[in-house]
Structures are given as C-alpha cells and as structure tokens.
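The next block holds one structure in the form of structure tokens; read it before the comments.
No experiment lies behind these values; they were computed from the predicted model shown. Chain A is the first sequence line, chain B the second, and so forth, proteins listed ahead of strands; every chain is numbered from 1.
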Amino acid sequence: MPELPEVETVRRDLVPFLTGRTVHAVSVSRDRAVRRQPHPDFIAALRGRRLTDVRRHGKFLIVDLDSDDALVVHLRMSGQLRVASPRDDLAKHTHVVIDLDNESQLRFLDPRTFGEMFVDEVDAGRRPLALRGLGPDAVNDKLSASAFHQMILGGRTTSTVKAALLDQTTLAGVGNLYADEALFAAGVHPKRLAASIMGAEAAAILKALRRILLAAIKARGSSFPDEGYVDAYGKPGGFALRHQVYGRAGQACPRCGNAIEKTVVAQRGTHFCRRCQA
DNA sequence: AAGTAGACTTGTTAAG
DNA sequence: TTCCAACAAGTCTACT
C-alpha cells in the first residue's frame, strides 16, 4: 500500500515524464476515480494545461498546472500511476487516462477504487485548498525533536502514540506500515498513551521515522507479493525485505527472538514485540 | 472538542 | 472443490 516512500518514488519517476508536457485529452471511465467534482469540470480544468512540476505532501501527489489549479492524486490502498504509450494495452482497472502532447499517457489504475484524482485550486503558496489541513510533511519539512514532541502530545488525552503518528493533521505521510516500523525501532509500545511520551522517546521516534522513511525511499518503497504497489514503470520496490515487524506476526523478533505479536491499535492491524517495546 | 466509529471498496485469504 | 466471511487500507463524515 502506498505510503510516503512509495508516493515519493512515483513522484520521482513522474517528474521527468510530466514536466513541460501539455495535456491533450482526458478520459474518465470509472465514476469513483473522480468524485469531488463533476467529470466535465475535471476534464476542462486539465485540457490544454501545461504540467509544470510534480510535488508531494504526505501521501498526496500534486501535479502543478500553468493555472491557479493543481491536479491532486491520492493512491490510497491500491492506486497506481503509470506511464504508457497510447499503443499499450489498457490494463484492467484503468480508470483515468491523460493524453499528453508527445504521444504518451499518464494512466491511473486502481482495483479497489479507494484512490482518487481531482483538480483543486491552489493558494498563494501553491498548496491545494483541500490539503490545507495536513500537518508538515514527514521528510520534507524540517522539525525539531521538541516540536515533534509537542505534536505527539498535541492536547491528546486518551489516544495512543500510534494514533498520533497516523494523524495526518499532525504529521503528513506516515501510514500503518511505517508507524509500526518506527515504533519498533524506537522501542516504544504502540498502545502507549500519546500524553505519556517523554521528550527522549519522541526524539527516538522522530529519528527512527526519518531514517526508515529515507531508507525506504532509497529502496524505491515497500511491495508485497500480494499487494499492488509498483512504481510508475510497473516495478515493485525493494524495502519489504527489510521490515522488522510489519507483516511478521508469529515470526522471531530480529532483536530479541521473541515472537512478533499482532493486535489492533487505532483500528489498524499493529505489529510489535512486547519485550523490545515498552 | 477530542475521540471514536462507520462508510467506502474489492481482490485475496482463511475457514469450514 | 466450492463458497463465503473476514480482512486489508486512508480519509472523510457523523456522532458522542
């Protein structure tokens, strides 16, 4: 499932492919893929526009247009953005095709149809209006350990540290997989109350989070055999091999050998080692 | 007003 | 072998 490192990998693939291109045509073949606005509005806002940059905030991709709008994409569980030629077979679950001015296409595929595309107005800082509620980006925005600590505490009274990490209004980009990995690396139990996290623990979580996210970007993201994440050229990432706890319930903890456990925290499947995480 | 729960969706997996 | 219930996920909305 695409989280920050996977979205960043796709972004890096798309920058050279999209930058400077002009949109010739847009077709939407699945209603749900574009659900925040009428399809004709979506298409009209894109047609004829030049694509000037591809950015990311959290798990959202932002394709800048030479207008006051941006094309915003969220891949959710199973979405893919793929570069293609008009001659390529249309893969199953292709919902949106954007034709460019150089005989190439950007295609949006999504079997589970959680993902979406929309065109949104941007503010003076070129942030799409719909994304104004997002917290700072987990890798692009610099933040100090103490600022991060305050964000985790965040006036929370009863919620867990894992819930705090998953809250996109606090910090944007961390999803279920990397939250589990970072908490394991920092030795913090996912069920700990956010309010109980000490400064040193917050610093450890932030350090682990940064290190893991950057390593995952370097490995071009996490892919599982049964799951859909691939880059813009259809190739899987290599980070799944390095997971310490995620998807390893019942297997030995890489640090102490104890069995990794799986439970539910913040309504998400959560993997941890009870001996290494206090 | 923080926090929780439900809705959305479907390919895959587990269970029987 | 076949069928079905359970499961996975992130975000938005609705409610407590």
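Rounded to 10°, the angle separating the first-five-pair axis and the last-five-pair axis of the helix from B:dA2-C:dT16 to B:dT13-C:dA5 equals 50°.
Whole-Å rounding puts the A:Asp167 CG to B:dA1 P distance at 16 Å. Per the geometry, CD belonging to A:Glu116 stands 10 Å off C1' belonging to C:dG10, to the nearest Å. Rounded to a whole Å, the CZ atom of A:Phe118 is 13 Å from the C1' atom of C:dG10. A:Gln37 has its CD atom 17 Å from the C1' atom of C:dC12, to the nearest Å. Counting to the nearest Å, the C1' atom of C:dC12 and the CG atom of A:Asp120 are 15 Å from each other. Atom P of nucleotide C:dT11 and atom CG of A:Leu4 are separated by 11 Å, given to the nearest angstrom. When the C1' atom of C:dT11 is taken as reference, atom CG of A:Leu134 falls 10 Å away, rounded to whole Å. If you measure from atom CE of A:Met151 to atom C1' of B:dA2, you get 17 Å, rounded to the nearest angstrom.
The side chain of A:Arg36 contributes an N or O atom lying less than 4.0 Å from OP1 or OP2 of C:dC12. Listed pair A:His74 / C:dT11 meets the phosphate criterion, a side-chain N or O lying under 4.0 Å from OP1 or OP2. Between A:Lys92 and B:dG11 there is no side-chain N or O to OP1 or OP2 distance below 4.0 Å.
Sequence neighbours left out, the pairs with a member in residues 123-135 of chain A that pass side-chain hydrogen bond (donor to acceptor under 3.5 Å, both in side chains) are A:Asp64-A:Arg126. Among pairs with a residue in residues 254-266 of chain A, those fulfilling side-chain hydrogen bond (donor to acceptor under 3.5 Å, both in side chains) read A:Asn258-A:Arg275, A:Glu261-A:Arg274, at least two apart in sequence or across chains. For the ring pair (Phe, Tyr, Trp, His ring centres under 6.0 Å) condition, no pair includes a residue of residues 25-44 of chain A, sequence neighbours left out.
Comparing C:dA8, B:dG3, C:dG10 by their closest approach to the side chain of A:Thr157 singles out B:dG3. Of the listed nucleotides (C:dA8, C:dT11, B:dG3), C:dA8 has the atom at the smallest distance from the side chain of A:Tyr246.
A:Gln267 comes within 4.0 angstrom of a base, heavy atoms only. Across all strands, A:Gly115 comes closer than 4.0 Å to no nucleic acid atom at all (heavy-atom distances). Within 4.0 Å (heavy atoms only), A:Lys262 reaches sugar-phosphate atoms of the nucleic acid but no base atom.
A:His271 and A:Tyr246 have tilted rings, their planes meeting at an angle from 30° to 60° on a 0 to 90° scale. Between A:Phe272 and A:His189, the ring-plane angle classifies as tilted under the 30° and 60° cut-offs.
No more than 12 heavy atoms of other residues, nucleotides or ligands sit less than 6.0 Å from atom CG of A:Asp68.
Residues meeting the salt bridge (charged side-chain N to carboxylate O under 4.0 Å, His left out) test with A:Glu8, sequence neighbours left out: A:Arg11, A:Arg12, A:Arg56.
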Could you list, one pair per line, each protein nitrogen or oxygen that sits under 3.5 Å from a nitrogen or oxygen of nucleotides 7-9 of chain B, together with the distance?
residue : atom : partner  : partner atom : Å
B:dC8   : O3'  : A:Arg32  : NH1          : 3.2
B:dT9   : OP1  : A:Arg32  : NH1          : 3.2
B:dT9   : O3'  : A:Thr113 : OG1          : 3.1

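Within the 3.5 Å criterion, the main-chain N or O of A:Arg49 finds no donor-acceptor partner in the side chain of A:Asp66.
The closest side-chain donor-acceptor pair between A:Arg107 and A:Thr94, if any, does not fall under 3.5 angstrom.
Separating the CG atom in A:Leu153 from the CZ atom in A:Phe148 is a distance of 10.0 Å, to the nearest 0.5 Å.
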